[in-house]
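Notes to accompany the following structure.
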Amino acid sequence: MSRVFNFSAGPAMMPEEVLQQAREEMLDWRGSGMSVMEMSHRGKEFVAIAAEAEQDLRDLLKVPANYKVLFLQGGATGQFGAIPMNLLRGKQSADYVNTGAWSKKAISEAKKYAKVNIVASGEASNFLAIPPQSEWTLDPDAAYVHYTPNETISGVEFHWVPETGDVPLVADMSSTILSRPIDVSKFGLIYAGAQKNIGPAGLVIVIVREDLIGQALPITPSIWDYKIQADADSMSNTPPTYTWYLAGLVFKWLKAKGGLEAMAEINKRKADKLYAAIDNSGGFYRSPVEPSARSWMNVPFLLPSGELEKPFLEQAKQAGLVTLAGHRSVGGLRASIYNAMPEEGVDRLVEFMQDFARRNG
Ligand SMILES: *Cc1c(COP(=O)(O)O)cnc(C)c1O
């Protein structure tokens, strides 16, 4: 068996230690005689697994006590609809910041339930930079302000948190959660699909301030009604038990690595190495993103010509470096380097890039 360095944007690499532990516990979880995936979600074993995962996540993110942590299904995409249904709270409109592909999807789904005001857009920069907050036109009567801290496809990331006063800030952190410490108290709601930086697909985590829930629109499906799910410890129906368990193993792994301060240091170093390889390639590689908005997690880059992409991808694969193609909507190349991508994977990619440039420059 030889594992590759997988630069996929999601589903993405898992920490090898977590996979090993899951393998060891696969057939018989700690003397229970069964796999976690065979357990009743209401049995005491799974209830303990679920509670421990929540506590570890709360510890990692220092989630204040007045926030609920929900483990739901339907992905981040499900939340694009659930958020307006839950958070309008009698108001008519919500503010959205449009910084690219995932913002746009959140906006078009929200329009089914709310009047959406686009308060800022990255369009002028072709979505390769973030419009500064001084240019935003926030509405003090909006139900909430929604933004996408990391645009996974274009590799544009906020390295700052918007200031929205009393209007709750809502963040789609699918591709950046747990990559660095955050101050949860600045947000009304944070959500993230699991398959990038948390665990396998099938789970979406919602962290929501208590006072914002309990006023969902009557049409809200009960599985996406935050109050119903909070009261039921996210078990108003059968939750994605095995994914929840694996997410819990990832949280333990992060704690053992030193928590989010340590991860931020590693992630910054990994990203710096990769951007340096691009910037110092004598123009062979090019990062399309405005430097202050470069993502730590998703690094798109371009070659001098499109014809070189196929040989790049083929030769990288030979070297054990896979899934480096850019998103089909933008082309080019993209290396996603989430928490589970070891620094060695980035070092090997940098070496390969330097060698490829020498041979083709
Ligand atoms: C991947 C991604 C999504 C979509 O997640 P699903 O789980 O497929 O619904 C939404 N937002 C961002 C920022 C993403 O990276």
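Every number for a ligand or one of its atoms is a count from 1 in the order of the listing.
In plain terms, the two heavy atoms of M14 and V250 that are nearest each other are CE-CG2, 4.0 Å.
For the pair K270 and Y275, the cation does not sit on the ring face, since its NZ or CZ is not both under 6.0 Å from the ring centre and inside 45° of the axis. Taking the ring axis of W102 as reference, the NZ or CZ atom of K196 stays within 45° of it and closer than 6.0 Å to the ring centre.
Below 30°, between 30° and 60°, or above 60°: for W136 and W160 the angle between ring planes is between 30° and 60°, a tilted geometry. Using cut-offs of 30° and 60° on the angle between ring planes, the pair F80 and Y191 is perpendicular.
Near ligand 1, heavy-atom contacts under 4.0 Å come from G75, A76, T77, F80, W102, T148, N150, T152, D172, S174, S175, Q195, K196.
Side-chain contact check for T176 and E157: at least one donor-acceptor pair (N or O, by modelled atom type) lies under 3.5 Å.
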